[in-house]
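Structure, as structure tokens:
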2 protein chains.
Amino acid sequence: MEKKSRGRQKIAIEKIAKKKSLQVTFSKRRAGLFKKARELSTLCGAEVAVIVESPAGKVFSFGNPSVDSVIHRYETGDFCPQEDSRKKYLYSMEDLEEHKKEKAMGKSNWWEDLCVENLGLEELEESMAAMQVLRNNLLIPNLTLDQFGVL
Amino acid sequence: MEKKSRGRQKIAIEKIAKKKSLQVTFSKRRAGLFKKARELSTLCGAEVAVIVESPAGKVFSFGNPSVDSVIHRYETGDFCPQEDSRKKYLYSMEDLEEHKKEKAMGKSNWWEDLCVENLGLEELEESMAAMQVLRNNLLIPNLTLDQFGVL
DNA sequence: AGATCTATATATAAGTG
DNA sequence: TCACTTATATATAGATC
């Protein structure tokens, strides 16, 4: 009889080349890591903090009892407070409301939707994709978001 | 024949009552958690920090590239350009191969095509659309192509 | 992007030295 | 507490939807 899958394959612990595989693996293993962290803290009554930043720059965290409390314990001596904690956000709630209205009036088009919708957590990746378009199309070798001082 | 051990036993995820078991489990699982964290950062090029405080109050940590840098990112949302992991996130040769295959199978979509394939001069208008995406997403009021010295 | 499935790789509970 | 063993529980790569 046919095997339905080859099952879990062994992989080398080195950077995954294929972007799609990397994305999938990142999601699965991030979930796995957080689960292990939660189990450790529950089983052993240990304080645990885990912070992960995706290749796309999204930050995920887990903490028991909280990330901050664990960090405070970790930090010894003086901690330099950030000199610049200006909030850097993209669309405001008002922007989203406005877009909803316009959409309801049948005024939207594909790229506006791409720009405005689903931007809660995904905007960074979308923006990077747009950046990649720019970079590829216009042959700007090392264009990055931070050149605009907005990130 | 006799089994030499009952093997790994299922346990409930709740505080371990026996002090000795708790100690042993803590050591093993702490090592396992750090290993998973290291694998995640290697496989995906992700920045990861893990801090664990044992019930006895001893602090262990793992960080890539360092606990401090990840904490800084977590607390401020800022990042230093030299350790901007997003720059690592470009298309690899494997991605291009994958894209070719998918396109041959009729699986492609406009966005991937736009991102991955080389675009001719006639797609400049689409680049302008991408520019609009950038401008809208990032609230950069007056971003224009000539700022990059390419037009 | 996320859920689900299969088969297999890996982690680990319990025991021993 | 560390190192090793065994048998089993769990995580997950790859594929599909």
Side-chain angles (χ1 to χ4, degrees), chain A residues 1-44 46 48 50 52 54-58 60 62 113-114 117-129, chain B residues 1-44 46 48 50 52 54-56 58 60 62 89 94-95 97-98 101-102 105-112 115:
Chain A
M1 74 178 189
E2 300 276 313
K3 286 192 183 180
K4 292 186 182 173
S5 113
R6 292 181 304 149
R8 177 177 177 175
Q9 297 294 289
K10 188 182 181 79
I11 60 167
I13 302 302
E14 59 192 21
K15 174 132 186 185
I16 296 171
K18 284 163 57 175
K19 187 179 164 194
K20 200 171 277 181
S21 301
L22 190 149
Q23 288 272 21
V24 172
T25 294
F26 177 77
S27 293
K28 287 182 177 182
R29 282 180 174 260
R30 171 171 48 80
L33 184 68
F34 285 168
K35 183 178 180 186
K36 290 288 189 186
R38 186 166 40 248
E39 291 183 349
L40 179 62
S41 66
T42 302
L43 287 168
C44 303
V48 179
V50 180
V52 178
S54 76
K58 283 194 265 181
F60 305 84
F62 165 82
D113 293 344
L114 183 66
E117 290 181 346
N118 275 334
L119 288 183
L121 290 173
E122 277 69 29
E123 76 267 14
L124 199 50
E125 286 181 358
E126 299 278 356
S127 300
M128 284 310 292
Chain B
M1 73 183 190
E2 297 282 311
K3 288 191 181 178
K4 291 185 182 172
S5 107
R6 291 181 306 150
R8 176 178 178 175
Q9 296 295 289
K10 188 183 182 79
I11 60 167
I13 303 302
E14 57 192 21
K15 177 136 187 181
I16 295 171
K18 285 164 57 178
K19 199 168 186 174
K20 193 160 193 175
S21 300
L22 191 149
Q23 285 280 12
V24 172
T25 293
F26 177 76
S27 291
K28 287 183 175 181
R29 281 180 174 258
R30 170 170 50 79
L33 184 67
F34 285 169
K35 184 178 181 187
K36 290 287 188 186
R38 185 165 42 249
E39 291 184 346
L40 179 62
S41 65
T42 301
L43 287 168
C44 304
V48 179
V50 180
V52 178
S54 75
K58 193 170 178 180
F60 305 84
F62 164 82
Y89 209 50
E94 286 80 358
D95 288 326
E97 288 303 317
E98 188 74 6
K101 277 187 210 159
E102 296 219 326
M105 293 168 65
K107 276 192 185 177
S108 80
N109 60 54
W110 67 270
W111 182 253
E112 264 199 352
C115 289

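Letters go in sequence order (proteins before strands), and every chain restarts at 1.
- A/Q9 has its CD atom 10 Å from the P atom of C/dT10, to the nearest Å.
- To the nearest angstrom, C1' of C/dA14 lies 16 Å from NZ of B/K10.
- When side chains are defined from C-beta on, A/V52 counts as touching A/F34, because their heavy atoms get closer than 4.5 Å.
- Closest heavy-atom contact between B/R38 and B/F62: CA-CZ, 3.5 Å.
- Here the P atom of nucleotide C/dC5 and the NZ atom of A/K4 are 11 Å apart, to the nearest Å.
- If you measure from atom CG of B/L22 to atom P of C/dT12, you get 15 Å, rounded to the nearest angstrom.
- The stretch residues 24-42 of chain A touches DNA chain D through A/T25, A/K28, A/R29, A/G32, A/K35, A/K36, each having a heavy atom within less than 4.0 Å of the strand.
- Looking at A/T25, A/L33, A/I13 one by one, the single match for side-chain contact (heavy atoms from CB on, under 4.5 Å) with B/L40 turns out to be A/L33.
- Here the OG atom belonging to A/S41 is positioned 13.0 Å from the NZ atom belonging to A/K36, to the nearest 0.5 angstrom.
- In plain terms, the two heavy atoms of B/E14 and A/L43 that are nearest each other are O-CD2, 3.4 Å.
- Considering all non-hydrogen atoms of both residues, B/I16 and B/S21 come closest at CG2-CB, 3.8 Å.
- Two residues, A/S5 and B/K18, neighbour DNA chain C, and the one matched to the more 5' nucleotide by heavy-atom proximity is A/S5.
- Note on B/Q23: a side-chain N or O is less than 4.0 Å away from OP1 or OP2 of D/dT1.
- Note on the helix from C/dG2-D/dC17 to C/dG17-D/dC2: terminal axis deviation equals 50°, with five pairs used at each end and the result rounded to 10°.
- Contact record, B/C44 with A/P55: O-CG, 3.1 Å, taken as the closest heavy-atom pair.
- A close approach under 4.0 Å does not occur between any side-chain nitrogen or oxygen of A/K3 and OP1 or OP2 of C/dT6.
- Look at CD1 on B/I11: it is 17 Å from P on D/dT8, rounded to the nearest Å.
- For a distance-only test at 3.5 Å, the side chain of A/R8 qualifies as a donor-acceptor partner of the base of D/dA11.
- Scored by the side-chain hydrogen bond (donor to acceptor under 3.5 Å, both in side chains) test, B/Q23 finds no partners at all (sequence neighbours excluded).
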